Protein chains: 4
Amino acid sequence: MDKAPAKRDIILDAAIRVFAEKGYSSSRTLDISKEAGVAYGSLYSYFSSKDEILLSIFRERWRILLERIDQINRTLSDPDERFLAIIDFIFRSYQRNPAMMKVLIMDVPRHKEFYTPENWKLYNAFFKALADIFREGQEKEIYNRNISPLIATYCIYGAVDTTIRQYVYNPEFNHEEFPIEQTRQQIVGMLKQGYSKREV
Amino acid sequence: MDKAPAKRDIILDAAIRVFAEKGYSSSRTLDISKEAGVAYGSLYSYFSSKDEILLSIFRERWRILLERIDQINRTLSDPDERFLAIIDFIFRSYQRNPAMMKVLIMDVPRHKEFYTPENWKLYNAFFKALADIFREGQEKEIYNRNISPLIATYCIYGAVDTTIRQYVYNPEFNHEEFPIEQTRQQIVGMLKQGYSKREV
Amino acid sequence: MDKAPAKRDIILDAAIRVFAEKGYSSSRTLDISKEAGVAYGSLYSYFSSKDEILLSIFRERWRILLERIDQINRTLSDPDERFLAIIDFIFRSYQRNPAMMKVLIMDVPRHKEFYTPENWKLYNAFFKALADIFREGQEKEIYNRNISPLIATYCIYGAVDTTIRQYVYNPEFNHEEFPIEQTRQQIVGMLKQGYSKREV
Amino acid sequence: MDKAPAKRDIILDAAIRVFAEKGYSSSRTLDISKEAGVAYGSLYSYFSSKDEILLSIFRERWRILLERIDQINRTLSDPDERFLAIIDFIFRSYQRNPAMMKVLIMDVPRHKEFYTPENWKLYNAFFKALADIFREGQEKEIYNRNISPLIATYCIYGAVDTTIRQYVYNPEFNHEEFPIEQTRQQIVGMLKQGYSKREV
DNA sequence: AATGAATGAGGTTTCATTCAT
DNA sequence: GATGAATGAAACCTCATTCAT
């Protein structure tokens, strides 16, 4: 009984590629079925609607992110190392599957049906997990207590997200001038130390 | 001869509200005309298509942002003060017209027709202006020279953008618990000093 | 009081050129007003609708054709000479104003509103006038009595019309290979003598 | 696999009736789908646009005419008999399907998209085939050598076309007074012998 | 009478979804 | 379950006509 689940994932992966390429609403279900190599109507054996495909992408892929954070939390205890590992995971996710990141960042939150309490709960679980790490850093007296953990989290995620978005979208952003590994280090450095020159 | 320009702007403002509410592709041109209180066909006297309305919003509003930065650069000379003023302007823009910010952040960059060289040039002019300020701060030895000005700029903008987005979208984000003025100060503090506790 | 009639005719002439160029239904009233160099709304000072412009073209220009036949009938008495003069007039009309002929041949009869009894009466007056000439030729024993005058008339007009249409429309029809004057003579010759070689 | 072709032809036949009734541009695609008894959108499974329907009618039906001429040429060798058979076929086509003839004569040549080199080539193939027959008649010394074969062809076709058009359109043309078979004979007689009385 | 901005009904086309095979 | 032809609601846009100036 591996066949049905496999096909479901084939469709989901195809949908990610198509949505990333054209955007959700410019993507036609026919495009998805072609990309997946399945019959037109087969989409509806696995998903009730086009909406449902997008939301499934969000729910299933976001859950993987959350699980990964859980795993990092279990493996590492130092907040700094945890943030590093998470940022690393996000960067590598972009590198592995930029299409998925495009969809998660650009299409999911712009979709009307996304705005249900359950989806928000799942979405915010990510920020809450990050905020928990931050809070622990504050308790361990290694992070600044003047900053709200949630706000800190938004800043961290926003800095990472906006930068990676340039790699994905911005044609004027020169990949060779900014090697991704170096960029990652600069972001982490800046978030931790700030952009102001430290007094000696 | 104030009439025609006025009507064009009425349509543009209405379109911003409608796009913000429903997203670009779920918005119908009929909705826009109703919201603007003009006849259906009048949209097409001022804009050649629905696409053109969205792109006009981007071009005209983004230009205002750039002009504002110019003005700030002419008025203030200290890089710190300049960043503060720009972040302040962005925060106040959100407060004044969150709908416009939604559209600029969420709809414009997800639209296929957006991706023309001219539009990218205009878009990137914002980041270049910020990077110039950052570079000056480095030359004045007040900003960290280890960070690329462009990356720094993405981090600054990303932190601000992602946080404000929570005010605009996230129903679980409690506005009262996080007064906007205080949030702004925390972001600026964190970007400048980093989240790590400074050694004394 | 020459002004108003002048403008009316300016519009009519402009409409003929526009209809000939694009066909009636692809022609926009805006095109006509621009071609005429009058204000958009002015069309409706002189004509009640776009339909009415087309029908006015037919009524007024067709009447000129009928008057010309009348004049020919008054001037000439020999049926052969009369036909020659009429065919000559039609050929020269094409040369002078092919646009008008295009409209009269192609657009007017394909228009729904054309099919009123009065219009048909006017239209058929042309064929009746020709048939009368033919009948007289039969009575004078110079034309074949076995042919119905009306059918003869359709054949004569059809031969002329179809040939001239090639000059106007057919891009593969080489004008230089077929000088119009020579073509006219061949048509007249063929209609009168038939295409069969006469026994000596 | 008879189903798809059948439906395509059902749509084409329905379109012919609708176009003949209202003219191409007054015909709505909804009318065609209703007349064909198929769903609205089905039109677009078989044709890419309304234009394409009209041009398909031309291309497919005109090809049948050309094939018929080919067949006549293979079956008969006498030019006179060939012309007779072709005129006969045209007359019978009108009788069988006057709607199709209306569309071919009135709508197709007035349509902008018709004017492509390929369409003209197909269109002119008809006249070229007729001209070849005429030329052969000249070589066999049975047709007048003074007439250009192409001009002769236009006259023959124009006479037939204009006359049949009266049957189809002209409400003042009395079908009973002019039995179609008799009309056909008169046309053929007139084209061959001319309308002038032959000297004995 | 002249103007042209405004109007909105109606057209073509798209495409998510259904369903008979 | 798989297939893809069929369906028809709904979208964008056009453009003849009106009407306030």
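Being a predicted model, the structure only gives us computed values, none of them experimental. Lettering follows sequence order; numbering is per chain, from 1.
Rounded to whole angstrom, the span from the CD1 atom of A:Ile10 across to the P atom of F:dG1 amounts to 15 Å. In this structure, D:Leu43 places its CG atom 12 Å from C1' of F:dA6, rounding to the nearest Å. The CG-C1' distance, from A:Asp31 to E:dC15, rounds to 10 Å in whole Å. C:Glu52 places its CD atom 15 Å from the C1' atom of F:dA16, with the value rounded to the nearest Å. Between the NZ atom of C:Lys22 and the C1' atom of F:dC15 there is a distance of 13 Å, rounded to whole Å. For the pair A:Tyr46 OH and F:dG1 C1', the computed distance is 7 Å after rounding to whole Å. Atom CZ of D:Phe47 and atom P of F:dA6 are 12 Å apart (whole Å). For the pair D:Arg8 CZ and F:dA6 C1', the computed distance is 17 Å after rounding to whole Å.
Remark: B:Glu21 engages no residue in a salt bridge (charged side-chain N to carboxylate O under 4.0 Å, His left out) (not counting sequence neighbours). Under the side chain to side chain contact (heavy atoms under 4.5 Å, CB included) criterion, B:Asn119 pairs with B:Leu55, B:Phe58, B:Arg59, B:Phe114, B:Thr116, sequence neighbours left out. Residues forming a side chain to side chain contact (heavy atoms under 4.5 Å, CB included) with A:Ser45 (at least two apart in sequence, or on another chain): none. Residues passing the ring-ring contact (aromatic ring centres under 6.0 Å, His included) test with C:Phe19, sequence neighbours excluded: C:Tyr24. Contacts of D:Arg110 classified as side chain to side chain contact (heavy atoms under 4.5 Å, CB included), with partners at least two apart in sequence or in another chain: C:Met106, C:Asp107, C:Tyr169. Checked against side chain to side chain contact (heavy atoms under 4.5 Å, CB included), D:Asn170 has the following partners two or more places apart in sequence or in another chain: C:Trp120, C:Asn124, C:Tyr154, D:Gln166, D:Glu172, D:Phe173. The ring-ring contact (aromatic ring centres under 6.0 Å, His included) test applied to B:Tyr44 returns no partner, not counting sequence neighbours.
Under the salt bridge (charged side-chain N to carboxylate O under 4.0 Å, His left out) criterion, no residue pair touches residues 113-122 of chain B, with sequence neighbours excluded. Applying the salt bridge (charged side-chain N to carboxylate O under 4.0 Å, His left out) test to residues at least two apart or on different chains, the pairs with a partner in residues 32-51 of chain C are C:Arg17-C:Glu35.
Using a 4.0 Å cut-off between charged side-chain N and carboxylate O, C:Asp13 and C:Arg8 make no salt bridge.
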Summary of protein contacts for nucleotides 8-14 of chain E, nucleotide by nucleotide, where a base hit scores B, a sugar-phosphate-only hit scores S (4.0 Å, heavy atoms): BBBSBBB
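Looking at heavy atoms from C-beta onward, C:Ser56 lies in side-chain contact with C:Glu52 at the 4.5 angstrom threshold.
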Dot-bracket encoding per residue of DNA chain E, Watson-Crick/G-U cut-off under 3.5 Å, | denoting interstrand: .||||||||||||||||||||
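Residues from residues 53-61 of chain A that place a heavy atom under 4.0 Å from any atom of DNA chain F: there are none.
For A:Lys7, no side-chain nitrogen or oxygen approaches OP1 or OP2 of F:dG1 to under 4.0 Å.
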